[in-house]
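As structure tokens, the structure follows; a few thoughts come after it.
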Number of protein chains: 2
Amino acid sequence: MTGSGNINTDTPTTPPERGQGATSIWEVARAAGVSHQTVSRVINGKPHVRPETRALVLATIEELGFTPNRAAQALAGGPVRAVTVLTADTAAYGYAAALRGIEEAARAARFTVGISVLEPDAARQPQDVIERLSAGRAAIVIAFEAAGVRALDALPENLPVVGVVERPASGHVPDGRPQVWIDDREAASRATRHLLGLGHRTVHYLSIPSSTQRPSQRMQGWQDALRAAGAPVPPQHPAGWTPRSGYRAARGLVADREVTAILAGNDDLAIGVLRAAREAGRDVPGDLSVIGFDDAPQSAYLNPALTSVRLDFEGLGRAGFGLLHNLLDPNAAAAPPVWDEPELILRESSGPAPR
Amino acid sequence: MTGSGNINTDTPTTPPERGQGATSIWEVARAAGVSHQTVSRVINGKPHVRPETRALVLATIEELGFTPNRAAQALAGGPVRAVTVLTADTAAYGYAAALRGIEEAARAARFTVGISVLEPDAARQPQDVIERLSAGRAAIVIAFEAAGVRALDALPENLPVVGVVERPASGHVPDGRPQVWIDDREAASRATRHLLGLGHRTVHYLSIPSSTQRPSQRMQGWQDALRAAGAPVPPQHPAGWTPRSGYRAARGLVADREVTAILAGNDDLAIGVLRAAREAGRDVPGDLSVIGFDDAPQSAYLNPALTSVRLDFEGLGRAGFGLLHNLLDPNAAAAPPVWDEPELILRESSGPAPR
DNA sequence: GTGAAAGCGCTAACAT
DNA sequence: ATGTTAGCGCTTTCAC
């Protein structure tokens, strides 16, 4: 139940590297026979440096193994090259994928990326949130649920911040902050229509948590399709993000043979549904159809392979970073942020209604 | 195929917060009628401040909404309160879980955590790696494969760094750096013995990538058990980290009816194996037994539920951070790092050998 | 094209 | 117990 001795601490514990240790801009300057200012110019790729001088300095930097001190750069008011990602979760697919996208884009732009997980009850006040930010003081908040939204609200107006959010209600533009989202309402409708087209009388919905009190647009899309088709609109079943929570929420549902189609808020939930279905002796897709959202890497390999709405969270994350980058440096002229449209990937878990 | 208009950029784009914007220690000092030094003392919880003074300063800080500038703290040689996690992957379960553990422990210690993904070919030289580090210049490297090990090697001796690594060969203590690992060799043996005990003639192994040329200890554990039991030792099948790679590696294997037991290097691989088995018409566990490593959250809900060796990567991550924390501040006297021993979780995917 | 001066916000000595 | 004096390593001005 407890830890083991698998630790190796043989290091000649050098004191944490203070002061005279690291080579500074000055040493490079002296070694190259120029002023520290010139070195600074070279580092930042600024103009007004003779090519030869630049080359010399570059060589010296290489030779001395010099690396600019980020803290000093930030303090001296250099360009912000750091983002902190605030998120309530790192395990759920959407969050993790968005984070990957952000990190990837940030790395390409030579930004440092920090990450801080938001506990449900923390980060209500500006200070709580700001304290989490690393040097640069620029942030991207993944706000798919309440905690993220609160953090977004708590961050002071004057900080460069972009939100990666749930699709807001139409015409209901969120607070005046740069934000990106995936338009999943139509995707939810499409998945629902697909099921209806297969002959199912109606479709039941297992929802992931929403960022607001009001129903998410994903749920709205499901209702839209149901209403448009004149199908009954069953109450939605609130669930969490995990297979376990999907399993729990679905147990009751699958016991009812009238239920022949279930739309799960994400693929992990769908895994739980698949499991519950099997335990209840329901055959998927013969007896019951299941569709998820995300198209996680596992989904194609499940038994049965899961039909799912592919959501490009990585692209969304990249776009979120792009937006922030533009905010920090309008001249960067980064490529316009784009990400894939949701796409319904048909696999084995959905099929014609029984009988 | 491409992006959509779901962007909102209505912000009165305030310039990125420079200079006089943020309240500093001086303003707090003036407002409280003390010196900036006293404020500093209060911030850092240093002694030699009268309780009343402390309270007054605290109140002023609260009132002004002051937050210390991390860059300045770092620059002025304050205690390092930042770690950067270097990792080659953030999607695979082990990596992601270790990262979560690190983040959790770091947050509790009020550390900022940075993250940087190592591309296979980068980070060969100290500079490449150091550039990725954020302000604090302390790092934790998740080195489950080659890229991580290279980064670990490239980092200068004098930086505070700890490695979260693959279990090293016994007696083969790695380079003199603080490291933590999970002792999975015995766990692999146990899983193998379990299968052998079920009557399987032998067990086949699908390996995840190793951090070194030599075989991983996990694989070694599998071989140990096979040899000890006098069972034939089939060649191992190298795979990656994903379900897809598990599926590919297993397709050939499952076609062979002689193969009745497969040990997969992680649960994602096992998912791929399960899929390949089903496509090949093999019944699990009636016909074929499958065991994975990790006990990921999905594993209990798969069809069939996956027997797996639970590996406490979160605990390992927490321990890694604990080690680093001690390195940076020996007085911190953090609780000794502990994490759970591997544990074989029996579920539906393993059973008696056929016939 | 290059250098010198000033200061970013903070902490670590030293005073007092 | 509190205040004063120096920097930390860098990027700005502004001179030359």
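Per chain, numbering begins at 1; letters A, B, ... match sequence-line order.
- Among residues at least two apart or in separate chains, ring-ring contact (aromatic ring centres under 6.0 Å, His included) pairs with a member in residues 34-80 of chain A are W26(A)-H36(A).
- Rounded to whole Å, atom P of dG9(C) lies 10 Å from atom CZ of R137(A).
- Side-chain contact check for I142(A) versus F313(A): every heavy-atom pair is 4.5 Å or farther apart.
- Here the side chain of R150(A) pairs a donor or acceptor atom with the backbone of P120(A) at under 3.5 angstrom.
- Atom pair L75(A):CG and dG9(D):P shows a separation of 12 Å (rounding to whole Å applied).
- If you check residues 49-71 of chain B against DNA chain C, the residues with a heavy atom closer than 4.0 Å are F66(B), P68(B), N69(B), listed by number.
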Go through the steps for L323(A) and L327(A) under the test side-chain contact (heavy atoms from CB on, under 4.5 Å), then give the verdict. CA-CA 6 Å; L323(A) 219 55; L327(A) 218 71; 6.0 Å; no

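- Non-hydrogen atoms lying under 4.0 Å from DNA chain C are contributed by T38(A), R41(A), H48(A), all within residues 38-48 of chain A.
- Atom CH2 of W26(A) and atom P of dG3(C) are 11 Å apart (whole Å).
- For the pair Q179(B) (side chain) and V165(B) (backbone), a donor-acceptor distance under 3.5 Å is absent.
- A side-chain donor-acceptor contact under 3.5 Å links R81(B) to the backbone of A109(B).
- Atoms CZ (R30(A)) and C1' (dG3(C)) sit 17 Å apart, rounded to a whole Å.
- Side-chain to base pairing of H36(B) with dT4(D): no donor and acceptor N or O lie closer than 3.5 Å to each other.
- Taking 4.0 angstrom as the limit, Q73(B) places a side-chain polar atom (N or O) nearer than this to OP1 or OP2 of dT11(C).
- In this structure the side chain of R132(B) reaches within 4.5 angstrom of the side chain of R107(A), judged on heavy atoms.
- Between E104(A) and R100(A), no side-chain nitrogen of the basic residue sits less than 4.0 Å from a carboxylate oxygen of the acidic one, so the salt-bridge criterion is not met.
- Side-chain N/O atoms of S35(A) include one lying less than 4.0 angstrom from OP1 or OP2 on dG3(C).
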